[in-house]
Structure formats: structure tokens, C-alpha cells
Number of protein chains: 2
Amino acid sequence: MDSKIKTTKAGKPPRSAEATKARILEAAKKEFAKNGLAGARVDVIAERSLNNKRMMYHYFESKDKLFQMVLEQAYVDIRTAEHKLSLETLEPKEALEKFVRFTWDYYLKHPEFITLVNSANLHRAKHLKGSEVVKMTNRKLVSLVGGILDRGVETGAFRKGVDPVQLNITIAAIGYYYLTNRFTGSIIFERDLMEKAALDDRLAFNIETIMRLVCA
Amino acid sequence: MDSKIKTTKAGKPPRSAEATKARILEAAKKEFAKNGLAGARVDVIAERSLNNKRMMYHYFESKDKLFQMVLEQAYVDIRTAEHKLSLETLEPKEALEKFVRFTWDYYLKHPEFITLVNSANLHRAKHLKGSEVVKMTNRKLVSLVGGILDRGVETGAFRKGVDPVQLNITIAAIGYYYLTNRFTGSIIFERDLMEKAALDDRLAFNIETIMRLVCA
DNA sequence: TCAGAAACGCACTAACCAGTTACTTGGTTA
DNA sequence: TAACCAAGTAACTGGTTAGTGCGTTTCTGA
């Protein structure tokens with residue numbers, strides 16, 4: 001009718017498949033993280049992504065497929081962030097401490113990662129079964145920590161015989177458990193586990209735990 | 001019509017409020033553990049408990065209240081089992097190792113405990129807010145571990161300054177995380193985390209982790 | 001033995017919710 | 001400029017789900 005310049009109705013973003021998909025994925029991540037897979041509402045996801053529900057089904061077949069995409073993206077995101085740490089360039093002890101610190105900080109800044117993984121496990125990880133990209137990125141993680149461990153043994157900083165997979169699991173565990181159970185934990189232990197001081201204490205304790213575990 | 005002896009229609013248990021409540025609670029525990037709070041179906045719980053759904057609402061007001069009861073019972077059960085260990089009678093190191101071992105075995109034998117706690121945390125522990133019994137039983141747990149720790153410091157077996165709450169959290173964490181994430185973990189690390197050998201390895205690793213953390 | 005209470009069960013409902021049908025709008029290109 | 005296709009929308013559907021209304025059976029004690 002009027003001009004041909006690229007504008008749209010007030011407030012609405014311009015038409016773009018990529019942008020729409022990204023908005024849906026972001027809204028879905030929040031909704032799934034907040035309410036779990038069964039508790040999440042597709043109508044809410046559609047509304048929050050400024051989209052019609054039909055679009056969701058156009059780009060992502062079903063609620064389950066959408067969850068699968070959200071989950072895969074979450075794994076790629078954390079593994080990408082880990083990779084950017086460039087731990088290979090640091091001394092073994094320094095590298096390991098930085099990794100423990102990073103893991104903690106990442107969980108703290110991205111609580112949705114934890115909740116998504118919990119949901120995935122409630123469904124026996126069926127949404128992750130086919131994902132080659134997840135396997136590949138995780139392989140890199142194990143060899144990253146394995147590399148630090150090997151270098152540390154060489155320099156005499158670390159003791160021999162520590163399984164890198166067990167170490168990986170333990171580093172994740174001591175942060176993940178504290179944060180995923182922060183609500184029940186705060187009631188059970190009758191102290192606010194999310195207070196600044198409490199969080200600092202926990203990080204220090206976790207670094208101590210890991211250092212004592214691997215140091216010679 | 002016929003006799004007055006206490007029999008009922010074939011297969012049906014005799015009328016008993018206590019038995020009915022217990023059956024509902026047991027069925028609910030399984031259903032909530034398997035599918036989470038939102039994913040659980042009250043019809044399934046009613047059917048599995050050999051009961052009519054009406055009974056469920058008679059004894060437990062609502063789905064949420066039922067979940068609350070199941071959760072509270074789960075905490076009481078684990079804390080009761082812990083208490084039966086009589087750790088006060090053992091040497092500090094022995095007591096601590098036994099406790100780590102117990103925690104692991106309990107999670108392994110009662111996977112529903114883990115899933116219920118996860119569900120509770122997804123809902124920000126609102127189902128646990130009022131429960132005095134949960135607070136009380138957990139207070140005993142902290143003082144139990146704290147007692148072992150103190151005795152160990154006295155005998156020179158353990159170092160000073162370890163926070164009993166942090167230690168408690170860590171002991172739980174290294175078992176809990178491995179088991180709650182066993183499905184995604186088995187995919188990510190490309191090995192079956194639930195194989196007998198893998199489970200034995202993990203327990204040994206966990207004992208090592210805790211011993212190195214607290215020993216002088 | 002009978003009255004009342006407590007255990008039990010059928011059949012229903014109103015709201016909800018994942019997924020669909022049938023359509024309009026807008027941008028690109030031949 | 002017209003034809004085509006991708007982006008976008010509203011209204012709907014059929015099955016599901018938590019929760020109830022109301023009647024029946026069984027037990028207890030006076």
C-alpha cells in the first residue's frame with residue numbers, strides 16, 4: 001500500500017525463519033527448564049516467542065522434537081564455552097582449578113542447563129540417543145581433562161592412576177548437586193545455600209576436594 | 001448374606017484405612033518417581049493401588065498433597081536407615097567409609113528417592129516448606145557426620161576445619177549425580193555406567209575422594 | 001439389631017492441552 | 001507484474017486429566 005521499505009507492524013520483528021526459530025528455541029528453553037518436559041506448555045512457548053503455535057509445529061514437528069533441539073543446543077553451548085578456556089596453555093594445577101571454577105560458574109549462570117539435563121534423565125535420555133554432535137563434543141571434554149591429568153603426572157604435580165572420566169563426573173557432581181538441590185538443601189540444612197558467602201564457601205570447598213583428590 | 005467371618009471378594013484386601021493409605025502411597029511413589037509430578041497420572045496411581053480414585057482424594061486431598069506425603073516419607077525412610085547404622089560405635093575412618101558406602105548403596109537400591117528429590121526441587125521445594133519432621137531428621141544427620149568428624153580430629157585421623165554440612169553435601173553429591181545422570185552419562189561418556197564393574201569402580205573412587213578430603 | 005460412621009465405587013464434568021485445518025500476508029524472482 | 005512460495009494466523013478438535021456428586025457396602029458399638 002504505502003512504501004516499500006523494510007518495516008513491519010509496530011513491535012513485530014521482521015519476517016525471518018532463522019530469527020523465528022531462534023526465538024522459539026529460547027522461549028522453549030526457559031519453559032522446559034522451569035516446568036520440565038511434561039509440565040511445559042506449548043501454548044506458553046508460542047506466546048513467549050511472539051509466535052503462533054503453528055510456527056512451532058512448522059519448524060519443530062512436535063513438543064518432544066523441540067525439547068530434543070533445546071537439549072542438544074544446551075550441550076553444545078556448555079562444551080563450546082569450555083573449549084574457549086584454552087586450558088592446554090596453563091600449568092596442570094592452574095588449569096584444573098580454572099576448570100573446576102568454570103564448571104561452577106557456568107552452572108550458576110545457566111541454571112536451565114541443570115534442569116534440562118534432569119528432565120532428559122527423567123525420560124531415560126531418549127532425546128539424546130541419536131545425537132552424534134553431543135557425543136563428539138563430550139569426547140573432546142574427556143580428552144581435555146585427560147590431557148591436563150597426564151601433563152600433571154609428568155610434572156609430578158598429580159598422582160598416577162586417576163580415571164579422567166571419574167574425575168570429570170566428580171567435578172560436575174560437586175557443583176551440580178549443590179545447585180540442583182538448592183531448594184530442598186536450604187530447607188534441610190536450615191541455611192540459605194544461595195547467599196553470596198555460602199556460594200563462595202562452596203566453590204572453595206570444591207576446589208579443595210578436587211585438588212586433594214588428584215595432587216601427589 | 002452368608003457368614004460373618006472376615007473375608008472379602010476374591011483378591012481384594014480386607015477393608016482397612018491404614019492399608020489403603022499405604023497402598024496409595026506406595027503406588028504414588030512409583031508413579032511420581034517414574035514420571036515426575038506433572039507427568040504422573042492420578043488414574044494410574046488409583047489403579048495400581050487397587051483402589052478407586054475417589055479414595056485417593058478422600059485420604060489425600062489433592063495430587064500435590066499426595067506428592068508432599070510421598071516426599072516426606074521418602075526423607076523419613078532414608079534418615080531412619082542412616083540412623084540404624086550406629087556409626088557412633090565405630091572408629092572415625094571406619095564410620096565415615098561406612099557412611100559413604102551406605103549413601104551409595106541406598107541411592108542404588110532406592111532410585112525413586114533421587115527422582116522424587118529432583119521433582120521437589122523443580123517445584124522449588126514448596127512441598128517441603130512446612131515439614132518440621134524433615135527438618136528434624138536432617139538435623140540429626142548433620143550432627144551424626146559432625147560427630148564422626150570431631151572424633152576423627154581428636155584421634156588425629158582427620159584434619160581440622162572441615163564443615164560437616166559441606167562434607168554431607170559432597171558425600172551425597174558424588175553418588176547422587178552419577179546415578180541421577182546415569183542415562184545421559186552413559187551416552188556422553190560412551191560407556192555403560194550401570195554395569196557392575198562400573199558401579200564398583202565408582203564406589204571405590206568416591207571413598208577415595210572423601211578420605212583424601214578429610215584425612216590429616 | 002440397628003443406627004451411624006467410615007470405607008468404598010461408579011459415572012460424570014469442566015478445564016486443559018498437543019496437535020491440525022484452512023486460511024491470509026508478504027517477499028522474491030522470472 | 002504476476003505467480004509462487006514461505007512466513008504467519010485464528011479458530012478448532014478430540015482425547016486427556018484432575019477433581020466430584022452421590023449412592024452403596026461394611027464395620028462397630030450401644
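Just so it is clear, the model here is predicted, and its values are computed rather than measured. Just so it is clear: chains get the letters A, B, ... in the order the sequence lines come, proteins before strands, and each one is counted from 1.
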**OP:** Just grab all the salt bridge (Lys or Arg N to Asp or Glu O under 4.0 Å) pairs involving residues 66-81 of chain A, residues at least two apart or on different chains.
**Re:** A/Arg79-A/Glu82
Atom pairs, protein N/O to nucleotides 14-17 of chain D N/O, distance under 3.5 Å:
{"from": "D/dT17", "atom 1": "OP1", "to": "B/Arg41", "atom 2": "NE", "distance (Å)": "2.7"}
{"from": "D/dT17", "atom 1": "O5'", "to": "B/Arg41", "atom 2": "NE", "distance (Å)": "3.4"}

Original post:
What does the inter-axis angle of the helix from C/dT1-D/dA30 to C/dA30-D/dT1 come out as, five pairs per end, nearest 10 degrees?
Top reply: 0°
Original post:
Between atom NZ in A/Lys21 and atom P in D/dG8, what is the gap in whole Å?
Top reply: 11 Å
Original post:
What residues, two or more places apart in sequence or in another chain, satisfy side-chain contact (heavy atoms from CB on, under 4.5 Å) together with B/Ala204?
Top reply: none
Subject >> side-chain contact (heavy atoms from CB on, under 4.5 Å) against A/Ser143, all qualifying residues, sequence neighbours excluded >> reply: none
Subject >> With A/Asp192 via side-chain contact (heavy atoms from CB on, under 4.5 Å) - residues at least two apart >> reply: A/Ser186, A/Met194, A/Glu195
**OP:** Starting from C1' on D/dA7, measure out to CG on A/Asn52 and report it in whole angstrom.
**Re:** 11 Å
Original post:
Quick one: CD1 on A/Ile78 to CZ on A/Phe113, what's the gap to the nearest 0.5 Å?
Top reply: 4.0 Å
**OP:** To the nearest Å, give me how far apart NE2 (A/His58) and C1' (C/dT24) are.
**Re:** 15 Å
Subject >> Contacts of type side-chain contact (heavy atoms from CB on, under 4.5 Å), residue B/Ala173, not counting sequence neighbours >> reply: A/Tyr177
**OP:** Would you indicate which nucleotide in D/dT20, C/dA7, D/dG8 comes nearest to any side-chain atom of B/Tyr57?
**Re:** D/dT20
**OP:** Decide yes or no, distance alone: a donor-acceptor N/O pair under 3.5 angstrom between the base of C/dT21 and the side-chain of A/Arg54.
**Re:** yes
Subject >> Of all pairs that satisfy salt bridge (Lys or Arg N to Asp or Glu O under 4.0 Å), the ones with a partner from residues 198-208 of chain A, not counting sequence neighbours >> reply: A/Lys196-A/Asp200, A/Glu208-A/Arg212, A/Glu208-B/Arg159
**OP:** Hey, could you give me each pair passing ring-ring contact (aromatic ring centres under 6.0 Å, His included) that has a residue in residues 122-146 of chain B? Not counting sequence neighbours.
**Re:** B/Phe67-B/His127, B/His123-B/His127
Subject >> Stretch residues 117-124 of chain B: residues that reach within less than 4.0 Å of DNA chain D through a heavy atom >> reply: none
Subject >> Listed once per pair and sorted, the salt bridge (Lys or Arg N to Asp or Glu O under 4.0 Å) pairs that draw on residues 163-190 of chain A, sequence neighbours left out >> reply: A/Asp163-B/Arg191, A/Glu190-B/Arg139
**OP:** Specify the separation, in whole Å, of atom CD1 of A/Ile45 and atom C1' of C/dG19.
**Re:** 13 Å
Subject >> Contact list for residues 31-43 of chain A, test salt bridge (Lys or Arg N to Asp or Glu O under 4.0 Å), sequence neighbours left out >> reply: A/Asp43-A/Lys53
Original post:
Mapping B/Glu18 and B/Lys53 to their closest nucleotides on DNA chain C, which lands nearer the 5' end?
Top reply: B/Glu18
Subject >> Touch class at under 4.0 angstrom, heavy-atom based, for B/Tyr59 against every strand present >> reply: sugar-phosphate
